[in-house]
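Here's the structure we're looking at; comments come further down.
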Amino acid sequence: MAAAIEVRDAQRGDADALVALWREMTTGSGHPLRLPAPPTAAAVEVAVGKHLDDPFGRLLVGELDGAVHGMAYLRRTAISPLHDDFTVTVEYLHVSDAARRHGLGKALIAEAAAWAEHENCAHLAAVAPAIAREANRFLARLGLGQAGVLRFATTHTVRRRLAAEHAPNLLALLSSRRSVIARRAQLGRPPLTLDPGAADVSFPAAPESAGT
Ligand SMILES: CC(C)(COP(=O)(O)OP(=O)(O)OC[C@H]1O[C@@H](n2cnc3c(N)ncnc32)[C@H](O)[C@@H]1OP(=O)(O)O)[C@@H](O)C(=O)NCCC(=O)NCCS
């Protein structure tokens with residue numbers, strides 16, 4: 001007999017199942033995904049309540065024979081900053097290893113397509129890690145072509161990298177300032193101020209995270 005499949009909006013009581021799915025998604029895939037660590041069940045209960053009240057987002061769960069084995073987060077957003085059209089984007093699509101190839105993945109995408117149609121969204125998008133071959137093949141077979149690569153890092157990491165890139169310029173500028181000051185001292189002239197506002201050379205603003 002075919003397994004019974006149901007897709008519905010997540011409820012607070014699904015918190016434990018959602019934590020387990022998140023844990024499997026982030027650790028069980030065999031390849032590191034840059035995703036946050038699993039949240040607590042209490043935090044998930046709060047998040048689920050928020051999604052139930054959100055007209056622009058839905059957190060779906062998929063049940064196989066009465067047990068939650070899949071999830072997907074749907075977001076309804078403008079397709080670009082310059083267009084009025086809306087798109088539904090499927091994120092964090094995941095079906096547990098034990099429940100794959102029973103139709104749960106397609107049922108979750110079908111619900112996304114139904115919501116997009118209901119909300120008059122002409123487009124559907126899905127986010128999947130570039131290295132997740134199974135998910136990408138699955139999405140490609142449903143007609144979803146690759147449109148971009150999502151890159152992810154902590155804000156702190158990006159600011160550190162930016163600071164590292166600016167540092168050589170700043171060091172070169174400081175070093176040339178020191179030679180000018182030394183030359184002026186040799187000629188018996190008063191030293192130049194290092195106040196950038198008063199100097200004839202302007203200093204680039206150091207990023208807040210410089211040196212961290
Ligand atoms: C991609 C993914 C969502 C698919 O879920 P799924 O539940 O296995 O999907 P389905 O069962 O609907 O479809 C998978 C295949 O099984 C087939 N299938 C469905 N029911 C079947 C059945 N009863 N018997 C045999 N095959 C079946 C489908 O036709 C489909 O084949 P196709 O892709 O060649 O068309 C799942 O593999 C997954 O979660 N992968 C990891 C995702 C990931 O990396 N997430 C990271 C964050 S986004």
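From a predicted model like this one, the values you see are computed outputs, not experimental measurements. One-based numbering, in listed order, for ligands and for the atoms of each.
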>> Can you name the atoms of ligand 1, numbered from 1 with element, that are less than 4.0 Å from a heavy atom of A132?
In response: 44 (O)
> Do L108 and V95 come close enough that some side-chain heavy atom pair is under 4.5 Å?
Replying inline: yes
> Is the closest N or O pair between V95 and ligand 1 shorter than 3.5 Å?
Replying inline: yes
> Please walk me through it: do E24 and D97 pass side chain to side chain contact (heavy atoms under 4.5 Å, CB included)?
Replying inline: CA-CA 9 Å; E24 189 189 296; D97 286 344; 3.7 Å; yes
> If you measure only the distance, is there a donor-acceptor pair under 3.5 Å linking the side chains of E63 and H69?
Replying inline: no
> With backbone taken as N, CA, C and O and side chain as the heavy atoms from C-beta onward, which portion of P129 lies under 4.0 Å from ligand 1: side chain, backbone, both, or neither?
Replying inline: side chain
> Any non-hydrogen atom of V127 lying under 4.0 Å from ligand 1?
Replying inline: yes
> Should E119 and R76 count as an ion pair when the cut-off is N to O under 4.0 Å?
Replying inline: yes
> Does any N or O atom in F138 lie less than 3.5 angstrom from one in ligand 1, N or O only?
Replying inline: no
> If you count the atoms of ligand 1 from 1 in the order shown, which ones are under 4.0 Å from a heavy atom of E134?
Replying inline: 37 (O)
>> Please report whether ligand 1 has a polar contact with G103, defined as an N or O pair separated by less than 3.5 Å (distance criterion only).
In response: yes
> Got a sec, which residues hit salt bridge (charged side-chain N to carboxylate O under 4.0 Å, His left out) with E91, two or more places apart in sequence or on another chain?
Replying inline: R75
>> Show me the pairs that pass side-chain hydrogen bond (donor to acceptor under 3.5 Å, both in side chains) and involve residues 78-87, at least two apart or across chains.
In response: S80-H83
>> Check for me whether the distance between the ring centres of F86 and H123 falls short of 6.0 Å.
In response: no
>> Tell me the contacting part of R141 for ligand 1: side chain, backbone, both, or neither, using a 4.0 Å heavy-atom threshold, strictly below.
In response: side chain
> Taking the minimum heavy-atom distance to atom 40 (N) of ligand 1, which of R100, H102, M71, H69 ranks first?
Replying inline: R100
> N/O of L93 under 3.5 Å from N/O of ligand 1, yes or no?
Replying inline: yes
